[in-house]
Amino acid sequence: MKYLEGNFLNRIRTRFAPSPTGYMHIGNLRTALYAYLFAKSSGGDFILRIEDTDRARYVADAVDFIERTLAAAKIIPDEGPHQGGNFAPYVQSERMEIYKKYAEKLIETGHAYRCFCDNEEPEENPGEEKKFGGYNRHCRDLSPEEIEKNLAEGKPYVIRQKMPLAGETTFFDVLHGNITISNTELEDQVLLKRDGMPTYNFANVIDDHLMEISHIIRGTEFITSTPKHVLLYEFFGWELPTFIHLAPVMGKAADGTVSKLSKRHGATGFNDLIEMGYLPEAITNYVALLGWNPKTTNQEIFNMEELMKIFSLDGLSKSPAVFDYNKLDWMNGEYFKNMTDEEFAERADKFFGELDENLTSKKIYLAGLLKTRVAKLNEIPDMIKFLQVMPAFDIELYTNKRNKITPEKSAEIISGAIPILEKAENWNVDELTKVISDFTEKSGLKVGTIMWPLRIGLSGQKVTPGGVIEILYLLGKETSLQRLNDTLKNLQ
RNA sequence: GGCGCCUUCGUCAAGCGGUUAAGACACCGCCCUCUCACGGCGGGUUCAAGGGUUCGAAUCCCUUAGGCGUCACCA
């Protein structure tokens with residue numbers, strides 16, 4: 001608890017520090033969200049920092065991609081590569097001089113050393129039992145002469161952290177309490193790589209300190225390397241930030257096994273989800289609740305402003321959470337249902353595809369029918385296809401036991417309905433409702449019995465978004481009658 | 001394998017020594033209804049196991065099991 005209280009910064013400053021891979025995993029998005037919400041819930045700052053110290057991994061335009069994605073999710077950094085800030089630059093590859101300076105300082109104080117070992121073949125004593133990591137600490141205690149000689153020869157080197165050989169390191173984590181790891185578990189990790197770039201484990205510490213990050217929110221995969229960071233803070237005499245290690249987001253495979261959410265579980269990128277027609281606000285909302293919950297309410301639908309207000313660290317759960325597409329579907333649907341038809345039409349626009357003039361003019365109406373029937377936008381094309389082209393169908397579709405309908409009976413009903421529909425003057429929902437109910441009444445049949453064959457004849461399918469009246473209206477008079485006449489021919 | 005973390009319905013979860021163990025999604029049933037949805041009502045399913053501590057344990061302690069993570073010149 002002392003670290004939590006002892007933090008010297010009054011202002012809450014959190015960061016999201018992705019490497020530029022051109023992909024925003026849902027788990028990363030959640031980490032960013034929590035860091036953002038936590039900062040914002042207390043009026044603090046949220047910083048975006050790009051950790052691009054691995055040249056091999058660099059992806060063009062990835063920084064842009066990250067910023068666009070965060071913006072789509074309404075996560076707006078206060079400081080970052082594009083917005084700048086007092087601690088610029090926010091891209092690590094542009095901060096190499098800084099890391100170099102601090103690494104050398106560590107050498108001076110005896111907490112780090114140059115290692116001239118070959119990258120490919122670390123010099124090892126074959127018989128020696130490995131006691132720490134993968135490196136045998138060969139260069140840990142080179143004599144000054146040896147070092148000079150190597151340097152003079154221009155031998156490339158890395159800088160390694162000199163870990164204590166005994167003792168243990170303890171740090172406080174808000175979620176997990178004190179975590180203690182024996183120093184003998186700690187490798188003399190590389191701080192500065194041969195190419196002059198820092199490693200994550202080094203740059204992260206330097207930047208978090210320099211950028212005055214107060215709370216480090218990141219995944220549990222960093223728990224075991226945190227003692228190395230803590231030691232670095234101690235070497236420099238810096239105050240420790242508060243650590244919060246988040247449990248991972250898991251996925252459930254078809255065989256029931258649970259593992260870290262990955263491609264095999266379906267779409268796992270924020271952008272993949274968007275393309276499927278999940279709304280960014282629904283994704284954010286869902287993801288916020290995946291591993292966090294507001295203790296004081298059962299409310300589940302939150303917009304960003306509400307989340308910023310209500311978010312707090314003690315609602316975070318320390319066990320992994322399984323990503324549930326079912327619930328996301330539901331939540332997405334909740335957002336749809338809360339929209340006006342106009343809004344829905346606008347959001348869904350690209351999923352409607354090319355609509356003819358008639359349907360285009362009725363798009364808002366169509367949207368109204370669709371918005372309660374769709375979990376995600378990419379279901380729309382299949383759902384409205386029948387309005388654009390009449391599907392081929394088996395005449396047996398007309399058979400329906402519950403309504404005691406047969407193809408023969410259907411032919412009767414359809415041929416009875418055609419002339420009446422032809423007489424309809426105003427082809428709108430009100431009039432059609434009236435026309436059809438008059439027809440039903442006169443026929444003495446039940447509504448369902450009348451509607452069934454009409455639906456089949458009009459749509460070629462037994463399930464449609466909306467009822468017969470709605471379909472008649474959407475299709476328009478000409479197309480409706482055309483379809484009924486066509487099917488009647490087939491029935492006779 | 002060493003080390004570390006985790007463990008309440010199928011899933012997200014509330015719970016903080018005394019509860020009929022909330023709520024939501026999913027599932028099932030009923031109602032509404034021209035189909036499908038929407039909406040309404042109702043239902044089943046949960047404290048990983050074993051030991052303690054205690055008058056009393058999902059809650060505290062220990063052990064076991066399982067899951068996950070980590071042991072890079074990746075982050």
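Note that the coordinates shown come from a computational prediction; the quantities given were computed from them, not determined experimentally. Convention: sequence-line order gives letters A, B, ...; per-chain numbering from 1.
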- Query: Is Lys327(A) near enough to A13(B) that one of its side-chain N or O atoms lies under 4.0 angstrom from OP1 or OP2?
  - Reply: no
- Please identify each residue that fulfils side-chain hydrogen bond (donor to acceptor under 3.5 Å, both in side chains) with Ser262(A), with sequence neighbours left out. none
- Message: Partner lookup for C38(B), please. Criteria are Watson-Crick or G-U wobble with both distances under 3.5 angstrom; report none if nothing qualifies.
- Response: none
- Task: List for me each residue that meets ring pair (Phe, Tyr, Trp, His ring centres under 6.0 Å) alongside Phe336(A), sequence neighbours excluded, and say none if there are none.
- Result: Phe344(A)
- If you measure from the P atom in G50(B) to the same atom in G15(B), how many Å do you get, rounded? 26 Å
- Message: Counting the atoms with a prime plus P, OP1 and OP2 as sugar-phosphate, which does Lys252(A) contact under 4.0 Å by heavy atoms, base, sugar-phosphate, or nothing?
- Response: sugar-phosphate
- What integer number of Å spans the P atoms of C41(B) and C32(B)? 15 Å
- In whole Å, what is the span from the CG atom of Asn326(A) to the C1' atom of C25(B)? 7 Å
- Can you tell me the distance, in whole Å, between the CG atom of Leu261(A) and the C1' atom of C68(B)? 14 Å
- Message: My understanding is that only residues two or more places apart in sequence, or in another chain, count here; which of them pass side-chain contact (heavy atoms from CB on, under 4.5 Å) with Arg140(A)?
- Response: Tyr113(A), Arg137(A), Lys162(A), Met163(A), Leu165(A), Asp188(A)
- Message: I need the CE-C1' distance between Met24(A) and A75(B), as an integer number of Å.
- Response: 14 Å
- Task: Return the 5'-most residue of the pair Asp195(A), Glu300(A) with respect to RNA chain B, ranking by each residue's nearest nucleotide.
- Result: Glu300(A)
- Task: Could you pull out all residues at least two apart from Phe352(A) that satisfy ring pair (Phe, Tyr, Trp, His ring centres under 6.0 Å)?
- Result: none
- Considering only atom C1', compute the distance from U20(B) to G44(B) and round it to an integer number of Å. 16 Å
- Using 4.0 Å as the upper bound for N to carboxylate O, is an ion pair formed by Lys434(A) and Asp438(A)? yes
- Query: Between Phe323(A) (CZ) and A24(B) (P), how many Å, whole number?
  - Reply: 21 Å
- Whole-Å distance separating the NE2 atom of His25(A) from the C1' atom of A75(B): 14 Å
- Query: How far does the P atom of U8(B) sit from the matching atom of C47(B), given to the nearest Å?
  - Reply: 11 Å
- With sequence neighbours left out, the residues meeting ring pair (Phe, Tyr, Trp, His ring centres under 6.0 Å) with Tyr325(A) are Phe323(A)
- How close or far is atom P of C74(B) from atom CZ of Arg218(A), stated in whole angstroms? 17 Å
- Trp292(A) atom CH2 is separated from A24(B) atom P, nearest whole Å, by 18 Å
- Hey, does Val158(A) reach any base, or is it just sugar-phosphate, or nothing, if we go heavy atoms under 4.0 Å? base
- Message: Side chain of Asp324(A) only, heavy atoms from C-beta on: which candidate in A13(B), C68(B), C25(B) is closest?
- Response: C25(B)
- Message: Considering every strand and a 4.0 Å limit on heavy-atom distances, what is the contact class for Asp54(A): base, sugar-phosphate, or nothing?
- Response: sugar-phosphate
- What nucleic acid atoms does Met250(A) come within less than 4.0 Å of, heavy atoms only: base, sugar-phosphate, or nothing? sugar-phosphate
- For Ile206(A), side-chain contact (heavy atoms from CB on, under 4.5 Å) partners two or more places apart: Ile98(A), Tyr99(A), Tyr102(A), Phe202(A), Leu210(A), Phe236(A), Trp238(A)
Table please: side-chain donor-acceptor pairs of residues 439-447 of chain A below 3.5 Å, with sequence neighbours left out.
unit_1	atom_1	unit_2	atom_2	d
Thr440(A)	OG1	Ile436(A)	O	2.7
Ser443(A)	OG	Phe439(A)	O	3.4
Ser443(A)	OG	Thr440(A)	O	2.7
Ser443(A)	OG	Leu445(A)	N	3.1

- Item | Pairing partner of A48(B) (Watson-Crick or G-U wobble, both distances under 3.5 Å) | U64(B)
Between the protein and nucleotides 4-6 of chain B, which nitrogen or oxygen pairs come in under 3.5 angstrom?
unit_1	atom_1	unit_2	atom_2	d
C5(B)	O3'	His176(A)	ND1	3.0
C6(B)	OP1	His176(A)	ND1	3.2

- Query: Which heavy atom of Leu231(A) sits nearest a heavy atom of Pro164(A), and at what distance?
  - Reply: CD2-CD, 3.8 Å
- Query: Any chance the rings of Trp292(A) and Phe311(A) have centres within less than 6.0 Å?
  - Reply: yes
- Is the closest basic N to carboxylate O distance between Arg57(A) and Asp54(A) below 4.0 Å? yes
- Does any nucleotide pair with U33(B) by Watson-Crick or G-U wobble geometry, both distances under 3.5 Å, and what is it? none
- Using the C1' atom on both, measure U7(B) against A26(B) and round to a whole Å. 22 Å
- With side-chain hydrogen bond (donor to acceptor under 3.5 Å, both in side chains) as the test, would you mind laying out the steps for Thr170(A) and Asn178(A) before giving the verdict? CA-CA 6 Å; Thr170(A) 297; Asn178(A) 282 330; over 6 Å; no
- Query: Which one, A24(B), G69(B), A22(B), comes nearest to the side chain of Glu221(A)?
  - Reply: G69(B)
- Item | Footprint string (nucleotides 31-38 of chain B, 5' to 3'): B base within contact, S backbone only, - free, heavy atoms under 4.0 Å | ---BBBBS
- Item | Gap in Å between the two P atoms, one belonging to U54(B) and one to G66(B), rounded | 31 Å
- Task: For Ser182(A), answer base if it contacts any base atom (sugar-phosphate contacts may also be present), sugar-phosphate if it contacts only those atoms, and nothing otherwise; contact means non-hydrogen atoms under 4.0 Å.
- Result: nothing
- Between Thr21(A) and A75(B), is there a side-chain N or O to OP1/OP2 distance below 4.0 Å? no
- With a 3.5 angstrom cut-off on both distances, give the Watson-Crick or G-U wobble partner of U53(B), or none if there isn't one. none
- Message: Among residues at least two apart in sequence or on other chains, which ones pass ring pair (Phe, Tyr, Trp, His ring centres under 6.0 Å) with Tyr90(A)?
- Response: none
- Rounded distance in Å between the P positions of A57(B) and A49(B): 15 Å
- Can you tell me the Watson-Crick or wobble partner of G17(B), both distances under 3.5 angstrom? none
- Paired nucleotide for U70(B) [Watson-Crick or G-U wobble; both distances under 3.5 Å]: G2(B)
- Query: With both distances under 3.5 Å as the test, what is the Watson-Crick or G-U wobble partner of A24(B)?
  - Reply: U11(B)
Mind listing the N/O atom pairs, protein and nucleotides 14-18 of chain B, below 3.5 Å?
unit_1	atom_1	unit_2	atom_2	d
A14(B)	OP1	Asn293(A)	OD1	2.8
G15(B)	OP2	Lys295(A)	NZ	2.9

- Any salt bridge between Asp208(A) and Arg49(A), counting N to O under 4.0 Å? yes
- Item | Partners passing side-chain contact (heavy atoms from CB on, under 4.5 Å) against Val59(A) (at least two apart in sequence or in another chain) | Ala62(A)
- Specify the separation, in whole Å, of atom CG of Leu186(A) and atom C1' of C71(B). 10 Å
- Separation between the P atoms of U63(B) and C6(B), rounded to whole Å: 15 Å
- How do Trp330(A) and Cys115(A) order along RNA chain B: which one's closest nucleotide is nearer the 5' end? Trp330(A)
